[in-house]
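Everything on this sheet refers to the single structure shown next.
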Amino acid sequence: MIPKFKLPVSSPEAQGVASQAVMALVESLDQLKHPNSFMIMRNGFAIAEGAWSPYTLDSKHMLFSLSKSFASSAIGLAIEEGLLKLDDKVVDFFPDRVPAGMQESFRRMSVRHLLTMSSGHAYCPLFDIIANTPDGDYVKAFLSLKLEFEPGSRFVYNSAATYMLSAIVSKVSGKSLVEYLRPRLLEPLGIENFHWDSCPKGVCLGGWGYHLSVREIANFAQMLLDKGVWHGRQLIPRAYFEMATSKQIDNSMNESPDWKLGYGFQFWRSQRNAFRGDGAFGQYALAIPD
């Protein structure tokens, strides 16, 4: 059993950061409509933290798409354990769900294409799947969709693709995504919430639906900053981590600066040579190695 660790605490100045700079950030956050909570780490120490009422540092946040970076971590672990490969074809995991007359290009869609949001769809089909799948079989519905592009050729943000990653982890491991991650990543990081919202068939949603506190997110972010290492143990395989957090596909068609610098495996590249897990409404795990 791996012991749980919490981030040690230090003053900003002791870690080379001016308190005035921290206060400037807090004042800036205070101008937002609904600020929730934050933590800042430097050199492995928590140097500032805060929450706005009624929230606390232990309040569980709906992570939205920050959940995706946890799903990506599961894929890296499954690859290391020999359960799958990046270029395995998606249809091969679910031969009993492949519809008659499937597009030939769909058969070329791989795990890598799901990770890089380059499945070949013209838009995220998530809401179409949920609205038009009365039996709740999202996998079958996904495999029945039409593709507009060759898989791997174009970035189109797609939460349904991440759902498929979760379904693949469940298929090859015999466990739900969160139960697969529990002893490998979550428990070592001191994360104690093992509920992840699921589809009607019981598959963790993958691309959304996980809930954590800002302190738990901070542990995850510190592990990312340390290249997948947490207190001496490589939690995310190093080779996979390097690929996941580096640019794997072009997304320069987006307008905002921090959304057009490249996309990895369910991680975004950011300004100043940084990378992040990113969820709607400002759920961030931002790592700035420099």
Side-chain angles (χ1 to χ4, degrees), residues 62-75 89-91 93-94 97 99 102-103 105-170 177 196-201 203-211 244 247-256 258-270 275-285:
M62 184 181 291
L63 299 188
F64 295 96
S65 289
L66 176 51
S67 305
K68 291 179 169 66
S69 297
F70 287 86
S72 174
S73 300
I75 293 294
K89 300 301 183 282
V90 175
V91 296
F93 293 103
F94 309 103
R97 260 86 157 251
M102 172 182 274
Q103 281 177 274
S105 59
F106 214 122
R107 298 181 183 277
R108 294 191 287 273
M109 186 193 301
S110 68
V111 172
R112 186 189 303 270
H113 298 144
L114 299 178
L115 286 165
T116 57
M117 300 294 188
S118 61
S119 58
H121 296 95
Y123 62 94
C124 177
L126 175 63
F127 295 111
D128 292 345
I129 290 173
I130 293 173
N132 300 311
T133 312
D135 65 353
D137 191 339
Y138 293 177
V139 170
K140 183 178 179 181
F142 182 90
L143 296 176
S144 300
L145 297 169
K146 298 298 182 183
L147 302 182
E148 298 296 326
F149 308 106
E150 177 66 23
S153 66
R154 183 182 178 90
F155 174 88
V156 176
Y157 195 74
N158 189 344
S159 291
T162 317
Y163 169 83
M164 291 299 292
L165 293 173
S166 174
I168 288 170
V169 169
S170 294
L177 177 65
W196 197 319
D197 294 345
S198 60
C199 75
K201 295 294 185 181
V203 176
C204 289
L205 297 176
W208 70 105
Y210 199 29
H211 301 70
K247 179 180 177 180
Q248 294 294 328
I249 192 167
D250 177 74
N251 62 354
S252 59
M253 72 289 295
N254 293 327
E255 294 183 2
S256 299
D258 280 294
W259 282 265
K260 63 186 301 179
L261 299 176
Y263 193 76
F265 293 161
Q266 312 283 294
F267 287 91
W268 296 83
R269 293 296 303 173
S270 300
F275 61 91
R276 70 190 188 277
D278 183 323
F281 310 110
Q283 317 302 313
Y284 299 126

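The structure displayed is predicted, hence computed values, not measured ones. Just so you know, residue 1 is the first one in the sequence shown, and it goes up from there.
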Can you measure from [atom1] ([X]) to [atom2] ([Y]) and round to the nearest 0.5 angstrom?
{"X": "Ile75", "Y": "Ile168", "atom1": "CD1", "atom2": "CD1", "result": "6.0 Å"}
{"X": "Trp208", "Y": "Leu66", "atom1": "CH2", "atom2": "CG", "result": "15.0 Å"}
{"X": "Phe94", "Y": "Phe142", "atom1": "CZ", "atom2": "CZ", "result": "9.5 Å"}
{"X": "Tyr284", "Y": "Ser65", "atom1": "OH", "atom2": "OG", "result": "11.0 Å"}
{"X": "Cys124", "Y": "Leu126", "atom1": "SG", "atom2": "CG", "result": "5.0 Å"}

Applying side-chain hydrogen bond (donor to acceptor under 3.5 Å, both in side chains), can you list everything that pairs with [X], at least two apart in sequence or on another chain?
{"X": "Asp250", "answer": "Ser252"}
{"X": "Asn251", "answer": "none"}
{"X": "Gln283", "answer": "none"}
{"X": "His113", "answer": "Ser110"}

query = Are more than 12 heavy atoms from other residues, nucleotides or ligands located less than 6.0 Å from atom NZ of Lys140?
reply = no
key: Summary of side chain to side chain donor-acceptor pair (under 3.5 Å) pairs that have at least one residue in residues 126-136, sequence neighbours excluded   = Tyr123-Asp128
request  = Keeping to residues at least two apart or across chains, list the side chain to side chain donor-acceptor pair (under 3.5 Å) pairs with something in residues 143-155.
outcome  = Arg108-Glu150
inquiry  = Walk me through whether Met117 and Val156 qualify under side chain to side chain contact (heavy atoms under 4.5 Å, CB included).
reply    = CA-CA 6 Å; Met117 300 294 188; Val156 176; over 6 Å; no
task = Check the pair Lys247 / Tyr263 against side chain to side chain contact (heavy atoms under 4.5 Å, CB included), numbers first and verdict last.
result = CA-CA 5 Å; Lys247 179 180 177 180; Tyr263 193 76; over 6 Å; no
message = Holding to salt bridge (Lys or Arg N to Asp or Glu O under 4.0 Å), I want the full list of residues that pass it with Arg269, two or more places apart in sequence or in another chain.
response = none
key: Set of salt bridge (Lys or Arg N to Asp or Glu O under 4.0 Å) partners for Asp197, sequence neighbours left out   = none
request  = Show your reasoning for whether side chain to side chain contact (heavy atoms under 4.5 Å, CB included) applies to Tyr210 and Lys68.
outcome  = CA-CA 9 Å; Tyr210 199 29; Lys68 291 179 169 66; over 6 Å; no
Looking only at atom types and distance, does a side-chain atom of [X] sit under 3.5 Å from a main-chain N or O of [Y], one as donor and one as acceptor?
{"X": "Ser118", "Y": "Leu114", "answer": "no"}
{"X": "Trp196", "Y": "His211", "answer": "no"}
{"X": "Ser170", "Y": "Ser166", "answer": "yes"}

note = Sorted by chain and residue number, the ring pair (Phe, Tyr, Trp, His ring centres under 6.0 Å) partners of Tyr157 (sequence neighbours excluded) come out as Trp268
message = Checking side chain to side chain contact (heavy atoms under 4.5 Å, CB included) between Thr116 and each of Val111, Ile249, Asn158, which is the one that passes?
response = Ile249
task = Could you give me the CA-CA distance, side-chain angles and deciding distance for Leu145 and Ile129, then say whether side chain to side chain contact (heavy atoms under 4.5 Å, CB included) is met?
result = CA-CA 9 Å; Leu145 297 169; Ile129 290 173; 3.9 Å; yes
Of the non-hydrogen atoms in [X] and [Y], which two are nearest, and what is the gap between them?
{"X": "His121", "Y": "Phe149", "value": "O-CD1, 3.6 Å"}
{"X": "Gln103", "Y": "Leu147", "value": "OE1-N, 2.6 Å"}
{"X": "Ser105", "Y": "Pro151", "value": "O-CG, 3.4 Å"}

Once side chain to side chain contact (heavy atoms under 4.5 Å, CB included) is applied, do any residues pair with [X], and if so which ones, sequence neighbours excluded?
{"X": "Ser72", "value": "Leu115, Tyr240, Ala244, Phe265, Gln266, Phe267"}
{"X": "Cys199", "value": "Tyr138, Tyr163, Lys201, Val203, Leu205"}
{"X": "Met102", "value": "Val91, Val98, Pro99, Phe106, Arg107, Leu143"}

